[in-house]
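Note that the numbering runs from 1 along the sequence shown for the chain. Fair warning: this is a prediction, and the values are worked out from it, not measured in the lab.
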Amino acid sequence: MTNEGKSKPQFYICSCFTTDNIFLEDYKLHVRFVTEEQFRRDHEAQLKRLGCVTEQQFGDILNKISQEVDRRMRLAVTSVDRAAVIKNTYRPLHPHVYHLQETFLAAEFKHIVEYCQSRDVALRSLSDLLEEETAPRVYRFPVFNKSFCQDLMDELDNFERSAAPKDCGGHCLDSHKAFVVKYDINEDLDLSYHYDNAEVTLNVSLGRDFTEGNLYFGDMRQLALSETECSEIKHRACEGILHRGQHMHGALPISSGQRWNLIIWMRSSQERNRLCPMCNRRPVLVEGEGFADGFTRPSTALLADLCALT
C-alpha cells in the first residue's frame with residue numbers, strides 16, 4: 001500500500017506561540033505575555049527578586065517582549081522569503097550534504113534502524129543496542145561517520161561566510177524541525193536550562209576541537225532547576241543524544257575551541273493535538289507554513305501510544 005493519492009496533513013501552530021515561553025536572557029526566565037496587566041500580575045514579583053527593580057528596567061523588558069512577539073508573528077513570512085533568497089544566491093561548497101545518503105550514517109546506527117524495522121523488534125533487545133546515560137531515559141548512539149560530519153561543518157562555515165540571510169539562534173512522529181547550533185569561544189559558550197518544543201529530540205555533536213561544554217539533564221519541565229539533581233553527560237563527536245523534548249536540559253560553557261551541534265526536533269501530532277507542550281493547554285490552532293509546529297486538526301489524527309523509550 002502506498003501513500004499515492006492521499007493528501008498530506010496540514011500542519012498548524014498553537015496560538016500560544018505568540019504569548020508563551022518568551023525567554024528573558026538577562027533574567028534566565030521564561031515568561032507568558034498576553035497583556036501588561038497579566039504580565040505584571042504573574043511575573044513582576046519574581047522579576048524584582050531577580051534584580052528588575054526600576055520602571056526603566058521593566059520598560060526594557062516590555063520592549064524586548066514586544067520585539068520577540070513581532071518576530072514570531074512574522075516568522076512564517078520571513079522564513080519563506082529567506083529560503084527564496086538563499087536558494088537564489090547561495091552556492092553550496094558540498095552539495096551532497098543536502099541529500100541524506102546511507103553512506104553518511106554510522107554502521108551502528110544503520111544496525112539500530114534495521115532492527116527497529118524488523119518484525120521481531122522488542123524493547124529489551126533494542127535497549128541493548130543503545131548506551132543509556134545517567135539521566136533517566138536519555139540514550140546515546142553513533143549517528144554519522146566522521147567524514148560526513150567534517151563536510152557538513154565545512155558547509156556550515158561556508159554558509160556563515162556567505163552573504164545569505166541567516167537565523168540567529170517512531171510511526172507517530174509525523175513532522176520534524178532541524179537546525180544547527182554553534183558554540184564558539186568568541187561567541188555563545190553555553191545554552192541555558194530549557195525544554196524543547198518536541199516530543200523527542202536528537203542532538204548530534206558534529207565535532208571540531210573543543211573542551212568542556214558537557215550537557216546536563218534535570219527532570220521533566222514541571223520541576224524547577226533548584227528542585228532537581230542534574231546529571232552531566234559528555235557529548236562525543238558523531239554521536240547523538242536522544243531524549244524526551246520536555247526533559248529539562250542545558251549545555252555548560254565550552255572553555256576553548258568550537259563545536260557544532262545538529263538538533264532534530266521530532267513531533268507527534270497525535271500527542272500535541274491533545275496538549276500543547278509549550279503552554280500545557282489544549283491547543284488553539286492557527287494555520288502555519290510547512291510543518292509549522294506539528295499540530296494537525298484532531299480529526300486527522302489517530303490516538304496511539306508513544307514508543308516506550310520515551
Q. Are a donor atom and an acceptor atom from the side chains of Arg272 and Asn197 found within less than 3.5 Å of each other?
A. yes
Q: With sequence neighbours excluded, give me every salt bridge (charged side-chain N to carboxylate O under 4.0 Å, His left out) pair touching residues 104-114.
A: none
Is the backbone N or O of [Y] less than 3.5 Å from a side-chain atom of [X], with the two atoms forming a donor-acceptor pair by type?
| X | Y | result |
| --- | --- | --- |
| His194 | Ser192 | yes |
| Glu239 | Phe141 | no |
| Ser66 | Asn63 | no |
| Thr134 | Ser231 | no |
| Gln150 | Asn145 | no |

Which atoms form the tightest heavy-atom contact between [X] and [Y], and what is the distance?
| X | Y | answer |
| --- | --- | --- |
| Ala251 | Tyr216 | N-CE2, 3.6 Å |
| His176 | Phe291 | O-CD1, 3.3 Å |
| Thr78 | Leu75 | OG1-O, 3.0 Å |
| Pro165 | Val85 | CD-CG1, 3.6 Å |

Check for me whether the distance between the ring centres of [X] and [Y] falls short of 6.0 Å.
| X | Y | answer |
| --- | --- | --- |
| His249 | Tyr193 | no |
| Phe210 | Tyr183 | no |
| Phe58 | Phe39 | yes |

Q: Just jot down the side chain to side chain contact (heavy atoms under 4.5 Å, CB included) partners of Glu132, sequence neighbours excluded, or say none.
A: Tyr139
Taking only Lys NZ, Arg NE, NH1 and NH2, and the carboxylate oxygens of Asp or Glu, determine whether [X] and [Y] approach each other closer than 4.0 Å.
| X | Y | answer |
| --- | --- | --- |
| Arg124 | Asp128 | no |
| Lys64 | Glu68 | no |
| Asp190 | Arg259 | no |
| Arg41 | Glu44 | no |
| Arg267 | Asp293 | yes |

What do you reckon, is [atom1] of [X] surrounded by more than 12 foreign heavy atoms closer than 6.0 Å?
| X | atom1 | result |
| --- | --- | --- |
| Asn88 | CG | yes |
| Glu102 | CD | no |
| Glu160 | CD | yes |
| Asp188 | CG | no |
| His96 | NE2 | yes |

Q.
Rounded to the nearest 0.5 Å, what separates atom CG in Leu262 from atom CG in Asn203?
A.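 Reported value, rounded in 0.5 Å steps: 8.0 Å.
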**Q.** With Cys238, the side chain to side chain contact (heavy atoms under 4.5 Å, CB included) member among Ser205, Pro142, Ser147, Cys149
**A.**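 Output: one option passes, namely Cys149.
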Q. Can you name the ring pair (Phe, Tyr, Trp, His ring centres under 6.0 Å) partners of Phe295, sequence neighbours left out?
A. none
Q: For Asn273 and Thr296, run side chain to side chain donor-acceptor pair (under 3.5 Å): C-alpha distance rounded to whole Å, both residues' side-chain angles, the deciding distance at 0.1 Å, then the answer.
A: CA-CA 7 Å; Asn273 285 350; Thr296 58; 2.9 Å; yes
Side-chain heavy atoms nearer than 4.5 Å, only ILVMFWY residues, links allowed to pass through others: does that put [X] and [Y] together?
| X | Y | result |
| --- | --- | --- |
| Val80 | Ile86 | no |
| Phe23 | Val181 | no |
| Leu62 | Tyr27 | yes |

Q | Evaluation steps, side chain to side chain donor-acceptor pair (under 3.5 Å), between Asn158 and Tyr90 | A | CA-CA 10 Å; Asn158 187 62; Tyr90 178 66; 2.8 Å; yes
Q: Please report the C-alpha distance between Ile22 and Val69 in whole Å, then the side-chain angles of each, then the deciding distance to 0.1 Å, and finally whether the side chain to side chain contact (heavy atoms under 4.5 Å, CB included) criterion is met.
A: CA-CA 8 Å; Ile22 298 172; Val69 170; 3.9 Å; yes
Q: Taking the six-membered ring of Tyr12 (Phe, Tyr or Trp), confirm whether the NZ or CZ of Arg297 is under 6.0 Å from its centre and within 45° of its axis.
A: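 Cation-pi check for Arg297 and Tyr12: passes.
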Q: Quick one: sort the Phe217 and His247 rings into parallel, tilted or perpendicular, breaks at 30° and 60°.
A: perpendicular
**Q.** Candidate pair Lys234 and Glu131, rule salt bridge (charged side-chain N to carboxylate O under 4.0 Å, His left out), full reasoning
**A.** CA-CA 13 Å; Lys234 186 174 183 179; Glu131 182 180 338; over 6 Å; no
(Q) Is any side-chain heavy atom of Asn21 closer than 4.5 Å to one of Tyr195? (A) yes
